[in-house]
Amino acid sequence: MREEYVEAVLAVVDLVPAGSVLAYGDVAELLGAGGPRQVGAVMSRHGGQTAWWRILKASGGAPEGHEAPALGHYVDEGTPLRRDQHGGWRVDMPQARWTPSDEELEAVEAITEALDRRLHGPEGPGRELSEPGSGMDP
DNA sequence: ATTCTGACTTGCT
DNA sequence: AAGCAAGCCAGAA
């Protein structure tokens, strides 16, 4: 994926306050680009330098393969958790899910805007130039 | 072009 | 509540 997308995702992650979380799909939706799997891919490769535990599955489960350290952070930050039987736990999504304030929403918008600009280029995506040799004439 | 894979989601048993 | 299938989006082989 493009480097610009990676930076946009990480920027959003940095916006999430301690004690709150966002699902992969939520980030994708805020960004208006890519899907849950793309966000997951970004976190997998570049999440190390961020508060990666604040981005997780929509079901409330911690990032695949990182449940132990994630739990430590959740306890630290007082993230709402729910116990389930057999000693399992999961983040209480309805409570923990981050809902951006107006200002925060503005910041998010700034990010998506920058992303669109950098992704589609300073020129609009609506540009219709036909490249030489791209003709599909029979 | 086709197929496989993955820090995902949702809908249906 | 838990398991399964199908969708979904991009990158890699």
Side-chain angles (χ1 to χ4, degrees):
Chain A
M1 78 221 5
R2 305 277 313 254
E3 192 57 34
E4 293 86 336
Y5 187 70
V6 172
E7 290 177 14
V9 169
L10 298 183
V12 170
V13 174
D14 285 342
L15 247 39
V16 180
S20 300
V21 301
L22 233 41
Y24 296 100
D26 295 334
V27 176
E29 194 170 334
L30 284 178
L31 249 38
R37 313 200 74 132
Q38 281 53 247
V39 174
V42 170
M43 291 314 283
S44 175
R45 305 178 44 125
H46 310 275
Q49 44 191 345
T50 72
W52 53 267
W53 57 92
R54 297 188 193 145
I55 306 300
L56 70 178
K57 304 183 188 180
S59 59
E64 193 64 36
H66 300 265
E67 315 190 333
L71 177 55
H73 287 293
Y74 297 143
V75 172
D76 262 359
E77 305 184 346
T79 306
L81 301 175
R82 283 184 54 95
R83 298 197 58 73
D84 63 27
Q85 316 148 339
H86 56 274
W89 56 269
R90 37 178 51 210
V91 171
D92 188 340
M93 286 309 274
Q95 280 194 59
R97 176 181 255 108
W98 180 48
T99 48
S101 67
D102 291 358
E103 301 177 9
E104 294 169 323
L105 207 50
E106 247 178 89
V108 171
E109 188 179 330
I111 294 172
T112 71
E113 253 177 59
L115 176 59
D116 278 9
R117 235 180 308 109
R118 296 175 64 186
L119 224 45
H120 305 144
E123 321 296 324
R127 180 170 35 159
E128 309 179 18
L129 304 173
S130 43
E131 294 296 330
S134 65
M136 45 185 177
D137 48 287

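Chain naming here is simple, since letters A, B, ... match the order of the sequence lines and numbering starts at 1 in each.
In A/E7, the CD atom is crowded: over 12 heavy atoms of neighbouring residues, nucleotides or ligands sit closer than 6.0 Å.
For A/E29 and C/dC8, the CD to P distance is 16 Å, given to the nearest whole Å. Between A/L31 atom CG and C/dC9 atom C1' there is a gap of 14 Å when expressed in whole angstrom units. Rounding to whole angstrom units, CZ of residue A/R90 and P of C/dA1 are separated by 8 Å. Rounded to a whole Å, the NE2 atom of A/H46 is 13 Å from the C1' atom of B/dA7. Between the CH2 atom of A/W52 and the P atom of B/dA7 there is a distance of 14 Å, rounded to whole Å. Straight-line distance from the CE atom of A/M1 to the C1' atom of B/dG6: 11 Å, rounded to whole Å. Atom pair A/L22:CG and B/dA7:C1' shows a separation of 15 Å (rounding to whole Å applied).
Two residues are said to be in side-chain contact when any heavy atoms from C-beta on lie closer than 4.5 Å; A/L81 and A/L71 meet this criterion. Using a 4.5 Å heavy-atom threshold, the side chains of A/L15 and A/E104 count as separate. With a 4.5 Å cut-off on side-chain heavy atoms, A/R54 and A/E77 count as touching. Using a 4.5 Å heavy-atom threshold, the side chains of A/V27 and A/V42 count as separate.
On the P atoms, C/dA13 is 15 Å away from B/dA7, given to the nearest whole Å. Across B/dG11 and C/dC9, the matching P atoms stand 15 Å from one another, rounded to whole Å.
The 5' end of DNA chain C is approached more closely, in terms of each residue's nearest nucleotide, by A/G34 than by the other of A/R45 and A/G34.
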Walk me through it: do A/Y74 and A/L56 pass the test side-chain contact (heavy atoms from CB on, under 4.5 Å)?
-> CA-CA 12 Å; A/Y74 297 143; A/L56 70 178; 3.7 Å; yes
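Within the 4.0 angstrom heavy-atom criterion, base atoms lie near A/M43.
A perpendicular orientation is assigned to the rings of A/H73 and A/W52, their planes being inclined by more than 60° (bins at 30° and 60°).
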What nitrogen or oxygen pairs link the protein and nucleotides 8-13 of chain B at under 3.5 Å?
{"from": "B/dC8", "atom 1": "N3", "to": "A/R37", "atom 2": "NH1", "distance (Å)": "2.9"}
{"from": "B/dC8", "atom 1": "N4", "to": "A/R37", "atom 2": "NH1", "distance (Å)": "2.6"}
{"from": "B/dT9", "atom 1": "OP1", "to": "A/Y24", "atom 2": "N", "distance (Å)": "3.1"}
{"from": "B/dT9", "atom 1": "OP1", "to": "A/G25", "atom 2": "N", "distance (Å)": "3.3"}
{"from": "B/dT9", "atom 1": "OP1", "to": "A/A58", "atom 2": "N", "distance (Å)": "3.3"}
{"from": "B/dT9", "atom 1": "OP2", "to": "A/A58", "atom 2": "N", "distance (Å)": "3.0"}

